[in-house]
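In what follows, a single structure is set out as structure tokens and then discussed.
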Amino acid sequence: MPSGHLKNIGPSQLKIAIIGTGYVGLVSGVCLSDFGHDVACVDKDETKIARLKAGEVPIYEPGLDALLSRNVAAGRLSFTTQIAEAMAGAEAVFIAVGTPSRRGDGHADLSFVFAAAEEVAAALDGYAVVVTKSTVPVGTNRKLADIIRKARPDADFDVASNPEFLREGAAIEDFMRPDRVVIGAETDRAKEVMTQIYRPLYLRDFPIVCTGLESAELIKYAANAFLATKISFINEIAALCERVGADVKAVANGMGLDGRIGSKFLHAGPGYGGSCFPKDTLALARIGQELAVPQRITETVIAVNDGVKRRMVQKAQDLCGGIVAGRKITVLGATFKPNTDDMRESPSLTIVPSLIGAGAQVHIVDPQGRREGESLLPGVIWEDDPYSAAAESELLIVLTEWNEFRALDLKRIAQGMRTPRLADFRNIYDRKTATDAGFVAYDGVGR
Ligand code: UGA
């Protein structure tokens with residue numbers, strides 16, 4: 001797309017419909033309305049829509065509720081269960097429904113995307129760009145176009161791929177100040193609409209990468225798989241550090257200062273989790289297998305990550321002299337990372353049940369995880385305060401690096417414990433600090 005031309009496009013408010021009010025759909029809808037567009041978010045879930053209409057945000061994402069209220073009040077953002085209502089006059093329709101891993105084979109389950117396409121086809125009136133925000137395998141956008149064309153041979157539309165790169169907990173910042181916006185579109189008309197949508201970002205010089213459909217689809221998987229690779233790589237190096245007496249933080253720092261490597265996503269820990277890396281690495285591996293172009297690095301990254309979680313269980317057991325049965329263990333953090341209530345694929349879901357299975361009595365403190373975590377982690381005692389939770393326990397595990405766990409009075413914690421041992425799986429403390437505070441045993445990751 002000729003960039004000189006783009007800067008000349010005038011301001012224009014578009015009418016946009018967003019299908020699916022999950023993480024990506026809701027954040028995109030709220031942020032696009034903040035750009036000045038007229039946005040209608042659609043979801044089948046009536047309770048969710050009723051809550052959103054009442055200004056209640058169903059997920060925990062810093063800043064989202066205020067932004068939502070502001071744009072609702074400005075009359076730019078609305079919520080409905082009726083797709084036709086949202087799509088009336090819309091120039092762009094974003095499909096942002098879930099693509100979970102299909103049970104059994106790890107492929108992305110596209111049934112929600114295809115069902116949404118059928119409904120979009122039925123509701124199309126006048127030209128619109130059907131934009132896929134959900135992470136979908138290569139080829140899906142073309143299939144989507146086929147589905148719509150078959151259902152409505154008369155429809156005037158284009159498809160576009162517009163993958164999302166936002167991180168939970170930093171979603172608004174990531175949407176408003178992205179490293180780049182990726183747009184896969186193949187007609188001038190579709191490119192023009194997409195450019196208008198992201199005009200506020202373009203004017204502030206955030207890079208807009210325009211590609212064909214397949215490239216845009218693959219950029220998303222390749223980016224997530226690469227980030228997951230960095231994490232698995234440093235986690236393997238961490239295990240080696242422990243064996244040779246090196247400190248993984250120093251190694252990561254020394255590596256990351258090389259501009260070609262970069263320091264981000266080189267934090268060793270209990271393994272990556274969340275709704276994206278586990279699902280997308282699995283899907284990429286499956287795509288490769290299906291097309292006989294095996295993605296061996298990604299396959300290994302998945303296996304390494306599974307092993308890392310199990311290694312944490314072993315470390316906890318070793319700290320307790322091999323026996324956790326009958327012991328009280330306090331775990332700080334259950335969500336897959338801080339600033340989210342999301343428990344999906346969290347390392348806690350592997351580590352905690354293993355400890356309980358081995359006979360430990362596990363108490364957990366998490367600022368946001370309890371609501372989701374209670375049903376996922378049966379047998380756990382949930383507490384609110386790290387100090388009272390740690391009292392009388394024989395091992396304290398830091399599993400998620402919430403800010404509230406970063407500056408604990410370790411001396412006070414150690415005094416309350418039956419046997420003060422610290423498993424610092426996010427490396428937020430160090431051996432000396434822990435020992436000075438009275439801990440008799442300390443273990444981090446790769447130190
Ligand atoms: C990730 C990507 O970072 C986003 O760019 C992408 O848009 C998103 O997936 C998605 O596909 O929708 P997210 O899953 O929210 O975002 O979280 P991250 O901050 O990337 O963290 C993922 C996991 O990796 C967490 O469990 C985190 O603890 C772990 N991690 C991250 C590490 O163990 N070490 C690191 O150095 C960084």
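We count ligands from 1, going down the list as the structure has it; atoms in each ligand are counted the same way.
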> With side chains defined as the heavy atoms from C-beta onward, is the minimum distance between L67 and V30 less than 4.5 Å?
Replying inline: yes

>> List ligand 1 atoms under 4.0 Å from K220, heavy atoms only on the residue side.
In response: 6 (C), 7 (O), 10 (C), 11 (O), 12 (O)

> Which pairs with one or both residues in residues 219-235 pass side-chain hydrogen bond (donor to acceptor under 3.5 Å, both in side chains), sequence neighbours excluded?
Replying inline: N224-D280

> Cation over ring, R180 on F165, under 6.0 Å and within 45°?
Replying inline: yes

>> Considering non-hydrogen atoms of the protein only, which is the closest contact for atom 37 (C) of ligand 1, and what is the distance?
In response: F265 CD2, 3.4 Å

>> Can you see whether K337 engages S346 through a side-chain donor-acceptor pair at a distance of less than 3.5 angstrom?
In response: no

> Is there a side-chain contact between L396 and R421, using heavy atoms and a 4.5 Å cut-off?
Replying inline: no

> For I231, is at least one N or O under 3.5 Å away from an N or O on ligand 1?
Replying inline: no

> Looking only at N/O atoms, are H267 and ligand 1 under 3.5 Å apart anywhere?
Replying inline: yes

> Counting each atom of ligand 1 from 1 as listed, which ones have a heavy atom of E164 under 4.0 Å away?
Replying inline: 7 (O)

> Identify the closest protein heavy atom to atom 10 (C) of ligand 1: which residue and atom is it, and at what distance?
Replying inline: C276 SG, 2.8 Å

> Tell me, which protein residue and heavy-atom name are nearest atom 28 (O) of ligand 1, and how many Å apart are they?
Replying inline: R426 NH1, 2.9 Å

>> Quick test: of every protein heavy atom, which one is nearest to atom 6 (C) of ligand 1, and how far off is it to 0.1 Å?
In response: L166 O, 3.4 Å

> Does Y387 reach the main-chain N or O of D409 with its side chain, forming a donor-acceptor pair under 3.5 Å?
Replying inline: yes

> Given Y221, F165, F336, which one has a non-hydrogen atom that is nearest to atom 5 (O) of ligand 1?
Replying inline: F165

>> Which residue and atom name correspond to the protein heavy atom nearest atom 1 (C) of ligand 1, and how close is it?
In response: F277 CE2, 3.5 Å

> Nearest heavy-atom pair of V181 and N162: which atoms, and what distance?
Replying inline: CG1-ND2, 3.9 Å

>> Taking 4.0 Å as the limit for heavy-atom contacts, which would you say applies to K337 with ligand 1: side chain only, backbone only, both, or neither?
In response: side chain

> Got the closest protein heavy atom to atom 15 (O) of ligand 1, with its distance?
Replying inline: E168 N, 2.8 Å

>> Filter on salt bridge (Lys or Arg N to Asp or Glu O under 4.0 Å), then keep only pairs touching residues 363-372, sequence neighbours left out; what's left?
In response: D341-R371, R370-E374

>> Checking the N or O distance criterion of under 3.5 Å, is ligand 1 in contact with N224?
In response: yes

> Where is the tightest heavy-atom contact between A316 and L355, given as atom of each residue plus distance?
Replying inline: CB-CD2, 4.1 Å

>> Under a 3.5 Å distance rule, please check whether R426 uses its side chain to pair with a backbone N or O of L399 as donor and acceptor.
In response: yes

>> Using a 4.0 Å cutoff against the non-hydrogen atoms of L266, which atoms of ligand 1 qualify?
In response: 36 (O)

> Of the protein's non-hydrogen atoms, which lies at the shortest distance from atom 3 (O) of ligand 1, and what is that distance?
Replying inline: R167 CG, 3.3 Å

